[in-house]
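All remarks here apply to the structure that follows.
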Amino acid sequence: MNSRTGPRPHGPVGPGSARGPHRAREVYASLVQRITASGVRDTVQETRELETLPEDVGRWLTEHRLLDQGHSRLSSPERALRELLSEHERAVRTAGESLLRTVLAIDDVLSLLPATRLGGRGSVRLEFFSDRQELRTRLEELDALSRDEMLAMRNTFPEAAVLEASLAHDLTFTAQGATARMLVSAQALRGQGVGRYLDAVADAGFEVRVAPTVPLYMNVLDRAVTVVALGPDDDGSPAGDLVLHSPELARSFRQVFEHSWVAARPYADARRCDEADAFSPQEREVLTMLAVGAKDEAIARRLGCSERTLRRLLTQITEKLGAQSRFSAGVRAARLGLVD
């Protein structure tokens, strides 16, 4: 880096710009050219200039291993390529090992099934997906062919944007005349956008229940096809998903579902309890007094606070209830069982 040359400004690179990667490559080439031209690598000056990089340029260079995580030193394309290939090799090896373990486990389970023992070892058509978008496309194809029943277990949900995008597809399932039951863990229920999604599918005909814990993330379609998430790898990244075409395996997974389903409670009851738990005893007392027509002055006197403090408390309560007025807040509170 030429010590006489100060940090040069770099144009912004927005995530929505089509020139983002091209601009990042230009910046990298410019930096390398100045380092090469100087004949001496001034690491202090290099660090200073790298600190001025636009955020998106720095992120692109870091993702491509052309810049270290500390944004203090550039790497050569040869070194970056070696690192990327090494990471890819580890990912492929890990995915392969995980898939092999799962296939062996499936083979062991199959050997325990009565029909399989009588007829010898059978085979299961298996599809493996490491890309969730490819899996969603495959699920849309399978759902379109389903005519009888879908069972779903969810111990987690994707981010709100993905959930919203899949909602329109999910709402068409019951229109085919099929029944749908979904079992959700209490933890998954608290995810962003999950409430809206479950409200929508429940209104469309899905029967939804909530259990304290759910052992798997899976779908069982028409008692013949099972989709199972493998869970995280050792490094925490998704290990992938399996689509198993086997009525015998589907029957086994269906038994797991039914066992958890019996002990679960209806989604509407779970939602009411969660919303009720969000209100303090004082807030519930205010709602009860509002329900009997008590005036602000009387409520404030009962609580031992000023009317100004009470109005602030009423605002918090209506916001929690998603209500637009005191009257609508009272109606919603009664429906949720918050009023004694």
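The OG1 atom of Thr62 sits 6.0 Å away from the CD atom of Gln69 when rounded to the nearest 0.5 Å. To the nearest 0.5 Å, atoms CG (Leu67) and CH2 (Trp60) are separated by 11.0 Å. Taken from CE in Met150 to OG1 in Thr179, the straight-line distance is 9.0 Å, to the nearest 0.5 Å. To the nearest 0.5 Å, atom CG of residue Leu287 and atom CD of residue Gln282 are 11.0 Å apart. In this structure, CD on Glu83 lies 7.0 Å from CZ on Arg65, to the nearest 0.5 angstrom. Rounding to the nearest 0.5 Å places CD of Glu63 at 9.5 Å from CG of Asp56.
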Margin query: One pair to check against side chain to side chain contact (heavy atoms under 4.5 Å, CB included): Phe129 and Leu242. What are the steps and the verdict?
Written below: CA-CA 6 Å; Phe129 294 88; Leu242 290 177; over 6 Å; no
Next item on the list: Kindly indicate, with the supporting measurements, whether the criterion salt bridge (Lys or Arg N to Asp or Glu O under 4.0 Å) is fulfilled by Glu258 and Arg251.
Entry: CA-CA 10 Å; Glu258 296 292 357; Arg251 183 166 56 248; over 6 Å; no
Next item on the list: For Val208 and Arg181, run side chain to side chain contact (heavy atoms under 4.5 Å, CB included): C-alpha distance rounded to whole Å, both residues' side-chain angles, the deciding distance at 0.1 Å, then the answer.
Entry: CA-CA 6 Å; Val208 183; Arg181 288 187 288 163; over 6 Å; no
Next item on the list: Might you work through the side chain to side chain contact (heavy atoms under 4.5 Å, CB included) test for Leu310 and Leu303, ending with a clear yes or no?
Entry: CA-CA 9 Å; Leu310 175 62; Leu303 297 179; 4.1 Å; yes
Next item on the list: Could you walk me through whether Val243 and Arg125 pass the side chain to side chain contact (heavy atoms under 4.5 Å, CB included) test, one step at a time?
Entry: CA-CA 8 Å; Val243 179; Arg125 187 160 70 88; over 6 Å; no
Next item on the list: Test Gln187 against Ser185 for side-chain hydrogen bond (donor to acceptor under 3.5 Å, both in side chains), laying out the working first.
Entry: CA-CA 5 Å; Gln187 180 66 31; Ser185 72; over 6 Å; no
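Side-chain atoms of Arg82 never come within 3.5 Å of backbone atoms of Pro77 as a donor-acceptor pair (strictly under, hydrogens ignored). Formation of a donor-acceptor pair under 3.5 Å by the Asp68 side chain with backbone atoms of Arg73 is found in this model. With hydrogens and angles disregarded, a donor-acceptor distance shorter than 3.5 Å links the side chain of Asp222 to the backbone of Glu149. In this structure, Arg223 contributes its side chain and Leu221 its backbone to no donor-acceptor pair below 3.5 Å.
Of all non-hydrogen atoms in His64 and Leu84, the two that sit nearest each other are O-CD1, 4.0 Å. The minimum heavy-atom distance linking Leu183 with Ser260 is given by the pair CD2-CB, 3.3 Å. The two residues Val210 and Ala264 have their closest heavy-atom pair at O-CB, 3.3 Å.
Under the 4.5 Å side-chain criterion, counting only non-hydrogen atoms from C-beta, Asn219 is in contact with Arg154. Residues Leu74 and Leu66 have side chains not in contact (no heavy-atom distance under 4.5 Å, counting atoms from C-beta outward). Side-chain contact check for Val256 versus Met153: some heavy-atom pair is nearer than 4.5 Å. A 4.5 Å side-chain heavy-atom check between Leu216 and Phe253 finds at least one atom pair inside the cut-off. Counting only heavy atoms from C-beta outward, the side chains of Tyr267 and Val184 never approach each other to under 4.5 Å. In this structure the side chain of Val227 never reaches within 4.5 angstrom of the side chain of Arg138, judged on heavy atoms. Residues Glu159 and Val162 meet the side-chain proximity criterion, which asks for heavy atoms closer than 4.5 Å. Taking the side chain as every heavy atom from C-beta outward, Glu283 and Leu313 approach each other to under 4.5 Å.
Residues that satisfy the ring pair (Phe, Tyr, Trp, His ring centres under 6.0 Å) test with Phe257, not counting sequence neighbours, are Trp261. Residues passing the side chain to side chain donor-acceptor pair (under 3.5 Å) test with Ser166: none are found, sequence neighbours excluded. Under the rule for a ring pair (Phe, Tyr, Trp, His ring centres under 6.0 Å), Tyr217 has no partner lying at least two apart in sequence or in another chain. For Ser76, the side-chain contact (heavy atoms from CB on, under 4.5 Å) partners at least two apart in sequence or on another chain are Glu78, Arg79.
Applying the salt bridge (charged side-chain N to carboxylate O under 4.0 Å, His left out) definition to pairs two or more places apart or across chains, those involving residues 203-212 are Glu207-Arg209.
Other members of the cluster containing Leu81 are Leu85, with ILVMFWY side chains joined at under 4.5 Å, either directly or via other members.
No side-chain donor from either of Gln255 and His259 sits under 3.5 Å from a side-chain acceptor of the other. Side-chain contact, Thr315 with Arg311: no donor N or O sits under 3.5 Å from an acceptor N or O.
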